[in-house]
Structure formats: C-alpha cells, structure tokens
Amino acid sequence: MKIFVTRKLPGTALDRLASLEHEAEVSVLDRPLTSEEFLEKTRGKDALLTLLTDKIDAAVIDAIGSQLKIVSNYAVGFDNIDVGAATERGVVVTNTPSDEVNEAVAEHTWALLLSLSRRIVEADEATRRGAYRGWEPDIFLGVSLIGKTLGIIGLGRIGSMVARRARGWGMKVLYNKRLRDEEMEKELGVEFRNLDGLLSESNFISLHVPLTQETRHMINKSSLAKIKKGAFLVNTARGSIVDEHDLVEALRSGHLGGAALDVYDAEPNINPELIGMENVVLTPHIASATWEAREKMGQQAVDAILKTLSGEKPENLVNQEVWEKRRK
Ligand code: GLV
Ligand code: GLV
C-alpha cells in the first residue's frame, strides 16, 4: 500500500515504514506543503502521516481518493482534522497521546510559568545587551511561587501532570473542568472551582483544555476582566482558546501581569503587539519538543498506520465508531 508522510520527523520511527508490503514516501521539503503540493502528493495514497500544519477537511479527503484508509496525526491534538468528515467516509483517524508527550508539555508549562515569575527572558535579554552593572537590590523583581495559587483550566492528562508538579513548589491548586473529579481532588490535593471562581482566585492560570466550539476564545475580554489583577496566564494548549486581541488589551492595561504563550490564534502569525511586550514570553509551539516525546509520537504514528493497513485496530483511534465501517 502507499503511505505518504508530510514532513521528515526526528528519531527513528520512519525507518519502519518502508517494507516489501508498503511503499512509503516522505516529503523532502523542510516546510509544510502548500495545499496544491499536499493534494498532488497525497492523491491515491492509502495512508497519511500528517502534522498539525496539515488541514484535512471533507474536500481534502475526497480529493485524496476513496482508497484513503487512515490519517495518522503526529500530535495529541487533532483540531486540524475534520474528524466527522473522516468518520462519515470510513477513514480512520489516530493521534499520539502518551505519558512522554504529556509530561513534556507539563514540563514546558512549568518552564514558561517560571520564566514569567522570575522574568528570565527579560533578564537574559538585558544581561546580553550589557545592562548588568553588578548586584542591585531592585532589578528584575519577580514573585515567589510558594503559597501562591495556580488555577488549572482542564484537568485532563496534561492538566493533572501540571497539578502534580505544583506540589513541589508549595502552591495551592484550583482546577476547572466540565465534570468535577473528586478522585483527582484526593489524589492531587486540588480544589474545584467554577471558571469565574478560578479566574478571580488564581495568581497563575494555565490552560489545558482541547480546542472545541465551547473553548474557542473562552479567555476573552469578559473572562480576562474576572482575573485577579496582576495574575499571569500560561497557554501551552491551543492559541484559539484565547482571544489574542483581548489578551493584548489586558496586558497593556496591566490588569494581567504577564503571559507566556507557546501557541497562537493564527499560527504561525503572532499578534505584533505581543512581540513588543516585555511581560510576555513567547515560544514557537515547542511544548512537546523533547527527543523522548517526539520519538514516542513518531513510533505511535507509524504503529497506527502499520496496524490499520494490516487490519488490526490501532491504539489511539480518535474516531472509535469508524472501525466497523472503515474503508478496507
Ligand atoms: C501539539 O500541539 C500536539 O497536539 O501534539
Ligand atoms: C479537560 O481537560 C476536561 O477534561 O474537561
């Protein structure tokens, strides 16, 4: 069968794709494919290994052809894929969640949070620029974490790993989730709040919900106004959970003390005002970028393709309901 991988991946996973049974091609371009290139390369393929930068909707699935059996997304999130359209057409969709990737995202969340609380990026920039004149009592004062409150929105796998790490920093942890989870409360020592309560009590707020209709722009002018003055926001989930324009306003007015972002509303574009702000830390969607996480993601994405093409149900099937009526 024919397999196409839309981008070269780090690690060894792709070595397993080429075999006597399958013909595998990996894009040689060091960038996402344009939609024309994407269609040209994927038409007639049985399996695709895609990235978040590939948009897969009904028209794209139809253009690839009725032989397409699986879209294996090299990511935890799959908001780049119209899963409903894939399911209707009998196309299997898989993703790559694992402890390795979730822990990498949780660690990056903490890296960002600490960068904000201790102004690491601003201080680094000033030091490199030659502004360090010797110890001073009042340069780059940050805030201590101990005794402060961390509000976690979305206590799924990543959110709970972030919560677990907060214990080590001596923080109080609040969480919000659609359904209260008393077992997690016991295990992690976290307290449930409704969204408004969490926003108004937390010194640091971290987002860990998936992007859905419900969560799109859930952090907007009205929710930002409920945040405790001077609090900090961290987003390693999806950019579109935050209304970037309203975020800029809240940062400019000083209502929000700072923000650390790994994801953006219109990636790879970033609101230019954010780039000019000192109380903002920006990373280029690298929360899962550890060797360990990316190797695992690659192996899982390849496993899903090999299993599906051999008729075996893959792990991490996003659209469970497709399996019995999948294309063969
Ligand atoms: C990255 O954002 C992912 O969903 O894996
Ligand atoms: C978010 O992660 C949720 O499960 O509500």
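Note that ligands are numbered from 1 as they come in the structure, with each ligand's atoms numbered from 1 the same way.
Checked by atom type, the side-chain pair His285/Thr283 shows no donor-acceptor distance below 3.5 Å.
Checked for salt-bridge contact, Asp46 and Lys2 miss the test: no charged N lies under 4.0 Å from a carboxylate O.
Counting only distance, with no hydrogens or angles, the side chain of Asp82 and the backbone of Gly84 share a donor-acceptor pair below 3.5 Å. The backbone N or O of Ile120 lies less than 3.5 Å from no partner atom in the side chain of Asp124, so there is not a single donor-acceptor pair.
Linking ILVMFWY side-chain heavy atoms closer than 4.5 Å, directly or via other members, places Tyr74 and Ile70 in a single hydrophobic cluster.
Partners of Lys228 by salt bridge (charged side-chain N to carboxylate O under 4.0 Å, His left out), not counting sequence neighbours: none found.
Near ligand 1, heavy-atom contacts under 4.0 Å come from Leu52, Ala75, Val76, Gly77, Arg238, His285.
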